[in-house]
Amino acid sequence: NAAGKIHFIEADIRTYLHPRQEHGRTDTLAESLAAIRREFGTSLIEHTGFWFVDFGPEGRGGWFDQPQIMAEAKRLQQVATRALAEPRRSVAEIAVVCDLESGYLLSDAEGMSQAYSTTERVGTELFHLGAPIDFLLLSQLESPDLSRYKLLVFLNTTRMTPSQAKLVENLRRSGQHATVFLWAPGLCGPDSLSVAQASQVTGLDLSLSKEWLPAAVELNEQGVQLARGIATRTEYSLRSDRSTPVAAFGDTSKWLNPRTPDQMKSYTLYEVKPVDRGIAWTFDTRYPWTDLHFGAEMLPGDGVGFDLKLDGNCSRLMLRTVIKDANWAEFQASPVALVPGEWQRLSYPLAAFTNAPWSKLKPEKIALPLRGMKFVLDGTNAAGRCTVSLRDLAAVSGPVAATQVCSYGDGLFTPALIPSTDRGQVLGRLAGTSDPAVVLSGEGRSSSLFSAVPYVPRELLCGMARRAGVHQYLDA
């Protein structure tokens, strides 16, 4: 990278010779060659180290044991030898500032669900800006020449020393670099949390909330203008005029544990017990997700509704509600974040369900009556013992309203730094709240964008790149 560190790409490319159909496997020789060229090309462009790792079936090797693949490896080695002999330098005008130490401030569960997710999701958006980017480590920010960078993106810089915070403040105030700050830059000092330091870094008056808040952002008109081209989405709501209870919801014989014997080895507990008008589902597992199936016919309606309560020591789980139509096609609704607490009523218009990606049948319309449901929970591997209580499932009838909204993000997050409205222009708020989520201040290369949530879409990043005068080679 620009700080002189060599990054390595571990190209664990599962070619078509891999015997198992799993993540990353290519299906044909042509696809395998294309994947190899893709990874090699990325390494060459980014000037990184690169190696192929051949685990093969059962660790015995064989992913690349094919004449055309080996010939391609030889050809690419020759290309690399010629290319590396040529003088080259980065022309990136965007630098992404990262911090390895900040990830260690979170528990294993939060480190994976928050820190890793931020790096992966925002990293994906950054590579769709149509402009090259460099990566810098926060610990090296004093070393490289930053003069050619028009935009600095502070990705995961939660931990800062006082001297680092002062350096970042000076960069923001220099008028030479537009800045983007995500989530909680500088919140963690060497010994304690410091909202004052985060405010110093961002130039905003911030307040700390330790509550779980929605990670979805609804943009206003000014936000839509900056995030030019961002898509709108349709949200559906159902007002219940009539509901028909599903009497079998509390009959445990109608419920199925779909876990295989092999998967159940990662469980210390999985049980379903009847409760008044429903069931209580208790589990404890190392598996990253779990599910429970309900099978009973429901009378036709405009949607479904049920009560739910989560108990346990977990911080949160994500629920995916799935319905099975008359032909056994499966449809899923958008994930909902659950936190331990009181009963809540969830209502889903049928219009809010889309074809489940795993469903073999993908009809355009849901065929009634419904034959059953699935309740899928994500994030269970570090949740410990949890109980999800479900009751009062009903087919719901009533008017369905559709609203076009310009929003992004999902789930919940914590902690949150909420900016005041007196030092910048509010571009968006946390969905369903009055809390500012995205605030913009300054003009041109003095522009600074703060996002309270640990994610920003490419359209907002492109807007900041335009304000900073970054040359975009492609309209991404």
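Here, residue 1 is the first one in the sequence, and each next residue gets the next number. Keep in mind that what you see is a predicted model, and the values were worked out from it rather than measured.
To the nearest 0.5 Å, atoms OG1 (Thr380) and OH (Tyr267) are separated by 5.5 Å. Rounded to the nearest 0.5 Å, atoms CD (Glu125) and OH (Tyr408) are 10.5 Å apart. The CE atom of Met160 sits 5.5 Å away from the CG atom of Leu138 when rounded to the nearest 0.5 Å. In this structure, the separation between CG on Leu430 and OG on Ser209 is 9.0 Å, given to the nearest 0.5 Å. A distance of 6.5 Å separates CG of Leu319 from CG of Leu346, quoted to the nearest 0.5 Å. Taken to the nearest 0.5 Å, the OG atom of Ser359 stands 5.5 Å off from the CD atom of Glu330.
Tested against Arg233 for a side chain to side chain contact (heavy atoms under 4.5 Å, CB included), the candidates Ser334, Ser407, Cys406 yield a single pass: Ser407. Remark: of the listed residues Phe283, Trp289, Phe306, Trp281, Phe306 is the sole one forming a ring pair (Phe, Tyr, Trp, His ring centres under 6.0 Å) with Phe375.
A donor-acceptor pair is defined here as one N or O able to donate and one able to accept, closer than 3.5 Å; such a pair exists between the side chain of Ser102 and the backbone of Thr158. A donor-acceptor pair under 3.5 Å is formed between the side chain of Gln197 and the backbone N or O of Gly186. Asn327 places no side-chain N or O within 3.5 Å of a backbone atom of Ala329 that could act as its donor or acceptor partner. Proximity of a side-chain donor or acceptor of Arg429 to a complementary backbone N or O of Ser434 within less than 3.5 Å is detected. A distance-only check finds no donor-acceptor pair linking the side chain of Ser389 to the backbone of Leu310 [under 3.5 Å]. The backbone N or O of Asp99 lies less than 3.5 Å from a partner atom in the side chain of Asn156, making a donor-acceptor pair. A donor-acceptor pair under 3.5 Å links the side-chain atoms of Asn355 to the main chain of Pro363, judged by distance alone.
At a cut-off of 3.5 Å, with distance as the only test, a side-chain donor of Tyr348 or Thr321 sits close to an acceptor on the other residue. In summary, the side chains of Asp134 and Tyr149 do present a donor paired with an acceptor at a separation below 3.5 Å, with no hydrogens or angles considered. Of the N and O atoms on the side chains of Ser32 and Thr15, not one donor lies less than 3.5 Å from an acceptor on the other residue. Side chains of Thr260 and Asp262: a donor-acceptor N/O pair is absent below 3.5 angstrom, by distance only. Side-chain contact, Thr285 with Thr290: no donor N or O sits under 3.5 Å from an acceptor N or O. Side-chain atoms of Ser441 and Gln425 include no donor-acceptor pair closer than 3.5 Å.
Between Cys98 and Thr157, the shortest heavy-atom contact is C-CG2, 4.4 Å. The two residues Val246 and Met298 have their closest heavy-atom pair at CG2-CG, 3.7 Å. Between Leu226 and Met464, the shortest heavy-atom contact is CD1-N, 4.2 Å. For the pair Leu204 and Ser199, the tightest heavy-atom approach, listed with the atom from each and the gap, is O-CB, 3.0 Å. Heavy-atom minimum distance, Leu317 versus Leu377: CD1-CD1, 4.3 Å. For the residue pair Ser397 and Pro300, the shortest heavy atom distance occurs at OG-O, 4.4 Å.
Atom NZ of Lys362 is surrounded by more than 12 heavy atoms from other residues, nucleotides or ligands within 6.0 Å. Other residues, nucleotides and ligands contribute over 12 non-hydrogen atoms within 6.0 Å of the CG atom of Asp241. In this structure, Arg37 places its CZ atom where more than 12 heavy-atom neighbours from other residues, nucleotides or ligands lie under 6.0 Å away. No more than 12 heavy atoms of other residues, nucleotides or ligands sit less than 6.0 Å from atom CD of Glu211. With a 6.0 Å radius and a threshold of 12 heavy atoms from other residues, nucleotides or ligands, Glu221 has its CD atom at or below the threshold.
Ion pairing between a basic and an acidic side chain is recognised when a charged N comes within 4.0 Å of a carboxylate O; Arg371 and Asp325 show no such pairing. Looking at Glu93 and Lys150, a side-chain N of the basic residue comes within less than 4.0 Å of a carboxylate O on the acidic one, giving a salt bridge. Using a 4.0 Å cut-off between charged nitrogen and carboxylate oxygen, Asp291 and Lys374 do not count as a salt-bridge pair. The pair Lys309-Asp307 fails the salt-bridge criterion, with no side-chain N (NZ, NE, NH1 or NH2) lying under 4.0 Å from an Asp/Glu carboxylate O.
Side chains of Leu152 and Ile94 form no contact here, defined as non-hydrogen atoms less than 4.5 Å apart. Leu350 places a side-chain heavy atom less than 4.5 Å from the side chain of Leu368. Residues Ile418 and Leu206 are not in side-chain contact: their nearest non-hydrogen atoms beyond the backbone lie 4.5 Å or more apart. Using a 4.5 Å cut-off on side-chain heavy atoms (C-beta onward), Val336 and Leu338 make contact. No side-chain heavy atom of Val97 sits under 4.5 Å from any side-chain heavy atom of Leu155. Side-chain contact between Ile279 and Leu292: present, with at least one pair of heavy atoms (C-beta onward) separated by less than 4.5 Å. For the pair Tyr270/Asp284, no side-chain contact is recorded, criterion being any heavy-atom separation below 4.5 Å from C-beta on. Counting only heavy atoms from C-beta outward, the side chains of Ile366 and Ile323 approach each other to under 4.5 Å.
No close placement of the Phe450 and Phe181 rings is indicated, their centers lying 6.0 Å or farther apart.
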Please walk me through it: do Val376 and Val322 pass side-chain contact (heavy atoms from CB on, under 4.5 Å)?
CA-CA 8 Å; Val376 185; Val322 179; 4.3 Å; yes

In sequence, state the C-alpha distance, the side-chain angles, and the governing distance for Arg467 and Ser447, and then conclude on side-chain hydrogen bond (donor to acceptor under 3.5 Å, both in side chains).
CA-CA 7 Å; Arg467 287 177 73 93; Ser447 299; 3.0 Å; yes

Step by step, would you call Asp276 with Arg391 a salt bridge (charged side-chain N to carboxylate O under 4.0 Å, His left out)?
CA-CA 7 Å; Asp276 186 29; Arg391 72 183 184 192; over 6 Å; no

Any chance you could lay out the side-chain contact (heavy atoms from CB on, under 4.5 Å) test for Lys273 and Thr252, step after step, and finish with the verdict?
CA-CA 7 Å; Lys273 294 183 177 180; Thr252 55; 5.9 Å; no

Run Tyr16 and Glu31 through side-chain hydrogen bond (donor to acceptor under 3.5 Å, both in side chains) and show every step you take.
CA-CA 8 Å; Tyr16 79 107; Glu31 288 182 2; over 6 Å; no

When you look at Leu269 and Arg385, which way does the side-chain contact (heavy atoms from CB on, under 4.5 Å) test go after all the steps?
CA-CA 8 Å; Leu269 181 63; Arg385 178 176 175 142; 3.7 Å; yes

Hey, mind stepping through Phe154 and Thr179 against side-chain contact (heavy atoms from CB on, under 4.5 Å) and telling me if it holds?
CA-CA 8 Å; Phe154 291 84; Thr179 52; 4.2 Å; yes

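Cation-pi contact between Arg25 and Trp63: absent, since separation from the ring centre below 6.0 Å together with deviation from the ring axis within 45° is not met.
The aromatic rings of Trp255 and Phe249 sit tilted relative to each other, their planes meeting at an angle between 30° and 60°. Note on ring orientation: taking the six-membered ring where Trp is involved, the planes of Tyr473 and His471 are perpendicular (angle over 60°, cut-offs 30° and 60°).
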